[in-house]
Amino acid sequence: MLVDVDGVLVRGRPGDGRPWTSELRQDLGLDPDLLHQHFFAKHWPDIVIGRAALEEKLAPVLAEIAPHLTYQDFTAYWFANDARLDVELLAALDLLRSSGITIALATNQEHVRARHLIGSLGLSRHIDDIFYSAAIGARKPEPAFFRAVQDKLGLKGQALLLLDDSFENVEAARRLGWQAIHWAYGSRLDREMARLIGAGNLR
């Protein structure tokens with residue numbers, strides 16, 4: 001089973017689940033629209049597939065639009081506020097894993113946050129592996145991402161099941177013969193898997 005991170009396992013701020021940028025202006029004196037315009041829109045496409053390093057692109061942007069902020073202070077705030085774990089889903093995945101099913105992350109991430117998710121956030125205790133875009137060099141929904149996962153696992157088609165909140169990613173996985181669940185707020189793994197079994201798509 002391949003599980004997406006943001007929007008599935010991790011949903012916003014730990015306290016309330018709102019987007020991590022919700023109080024960025026109040027907390028750090030940084031306009032989220034400026035951040036999107038100067039950093040995410042411009043540099044994120046290269047960073048998330050490993051063509052550029054996070055600090056290399058982010059530090060100069062912060063120096064320009066928020067010179068009072070260091071790269072370290074900003075990323076600490078970002079990672080701490082984008083970290084609400086879905087403990088119910090984690091418990092369900094732990095149960096499946098204990099029965100012998102391999103659980104891995106399949107996520108669009110750059111290297112620094114990927115390490116944070118596995119280490120500081122503790123997801124390493126719940127999974128067997130992680131497949132992420134910066135390490136692969138391609139991102140979901142690109143077919144190259146899914147093919148790289150297949151190659152590394154030595155599996156393909158219906159042997160693989162993806163949980164993802166992006167319908168585009170779900171459709172891309174299905175086109176390669178994977179099983180896929182479109183995950184939404186309030187989804188429960190037992191119900192979603194029962195639907196697949198009931199439809200004859202999962203055995």
Side-chain angles (χ1 to χ4, degrees), residues 3-94 105-127 130-136 139-141 145 163-169 182-188:
V3 186
D4 181 40
V5 174
D6 296 302
V8 178
L9 274 177
V10 175
R11 287 182 174 272
R13 302 193 304 187
D16 57 16
R18 293 178 65 201
W20 69 270
T21 56
S22 295
E23 295 180 7
L24 187 61
R25 192 193 305 269
Q26 299 93 309
D27 293 341
L28 296 185
L30 175 56
D31 183 341
D33 292 332
L34 271 182
L35 179 67
H36 177 78
Q37 176 186 347
H38 289 272
F39 175 66
F40 284 105
K42 187 174 181 180
H43 299 295
W44 192 249
D46 283 337
I47 292 169
V48 80
I49 59 170
R51 287 183 183 165
L54 180 64
E55 185 172 3
E56 170 197 355
K57 298 298 184 182
L58 179 57
V61 169
L62 290 174
E64 178 186 351
I65 67 173
H68 60 287
L69 281 178
T70 67
Y71 163 81
Q72 290 79 10
D73 287 343
F74 174 80
T75 51
Y77 177 91
W78 172 8
F79 295 171
N81 282 280
D82 200 9
R84 185 178 194 177
L85 292 171
D86 186 332
V87 294
E88 181 179 293
L89 176 56
L90 278 176
L93 293 173
D94 286 345
L105 303 181
T107 177
N108 290 335
Q109 300 289 337
E110 56 75 43
H111 298 295
V112 182
R113 186 160 180 258
R115 291 193 294 267
H116 171 80
L117 292 168
I118 293 299
S120 301
L121 206 55
L123 290 181
S124 62
R125 298 192 298 270
H126 303 276
I127 64 167
I130 177 173
F131 303 101
Y132 68 98
S133 56
I136 289 172
R139 63 181 298 172
K140 297 177 295 181
F145 179 95
L163 271 61
D164 204 298
D165 66 314
S166 163
F167 189 68
E168 190 176 11
N169 295 342
H182 184 214
W183 197 259
Y185 183 76
S187 293
R188 282 185 45 175

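Note that the coordinates shown come from a computational prediction; the quantities given were computed from them, not determined experimentally.
Interatomic distance, Leu62 CG to Leu30 CG, rounded to the nearest 0.5 Å: 7.0 Å. Taking CD1 from Ile49 and CZ from Arg139, the interatomic distance works out to 8.0 Å, rounded to the nearest 0.5 Å. The distance from the CD atom of Glu56 to the CZ atom of Arg51 is 13.5 Å, given to the nearest 0.5 Å. Residue Asn81 holds its CG atom at 9.5 Å from OG1 of Thr21, rounded to the nearest 0.5 Å. Here Lys42 contributes atom NZ and His38 contributes atom NE2; the two are 8.0 Å apart, rounded to the nearest 0.5 Å. Atom CG in Leu28 sits 8.0 Å away from atom CG in Asp73 (nearest 0.5 Å).
Minimum interatomic distance between Leu121 and Leu117 (heavy atoms only, all atoms of both residues): CB-O, 3.4 Å. Nearest heavy atoms, Pro45 versus Ala41: CD-O, 4.0 Å. Here the shortest heavy-atom pairing between Ala80 and Ala83 reads O-CB, 3.7 Å. Here the closest non-hydrogen pair linking Ala134 and Glu110 is CB-CA, 3.7 Å.
At least one side-chain heavy atom of Leu123 sits under 4.5 Å from a side-chain heavy atom of Leu85. Within the 4.5 Å cutoff, the side chain of Leu89 has heavy atoms near those of the Trp183 side chain. Between Phe74 and Leu35, the closest side-chain pair of non-hydrogen atoms falls below 4.5 Å. Using a 4.5 Å heavy-atom cutoff, the side chains of Gln72 and Glu55 are in contact. In this structure, Lys140 and Ser133 have side chains that are not in contact, with every pair of non-hydrogen atoms separated by 4.5 Å or more. With contacts defined as side-chain heavy-atom distances shorter than 4.5 Å, the pair Asp82/Arg113 qualifies.
The number of heavy atoms from other shown groups lying within 6.0 Å of CD (Glu168) does not exceed 12.
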* Derivation of the side-chain contact (heavy atoms from CB on, under 4.5 Å) call for Leu105 and Tyr132 -> CA-CA 8 Å; Leu105 303 181; Tyr132 68 98; over 6 Å; no

* To do: Would you sort out whether Asn169 and Asp4 count as a side-chain contact (heavy atoms from CB on, under 4.5 Å), showing the intermediate values?
  => CA-CA 10 Å; Asn169 295 342; Asp4 181 40; 5.6 Å; no

* side-chain contact (heavy atoms from CB on, under 4.5 Å) between Thr75 and Val112, worked out -> CA-CA 9 Å; Thr75 51; Val112 182; 6.0 Å; no

* Yes or no on side-chain contact (heavy atoms from CB on, under 4.5 Å) for Tyr71 and Leu54, after CA distance, side-chain angles and deciding distance? -> CA-CA 9 Å; Tyr71 163 81; Leu54 180 64; 3.6 Å; yes

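Salt-bridge annotation for Lys57 and Asp46: absent, with no side-chain N of the basic residue lying under 4.0 Å from a carboxylate O of the acidic one. Using a 4.0 Å cut-off between charged side-chain N and carboxylate O, Arg11 and Asp165 make no salt bridge.
With Val3 as the partner, the side chain to side chain contact (heavy atoms under 4.5 Å, CB included) test is satisfied by one option alone out of Ile130, Val8, Thr107, Leu90: Val8.
Below 30°, between 30° and 60°, or above 60°: for Trp78 and Trp20 the angle between ring planes is below 30°, a parallel geometry.
Proximity of a side-chain donor or acceptor of Arg84 to a complementary backbone N or O of Asp16 within less than 3.5 Å is detected.
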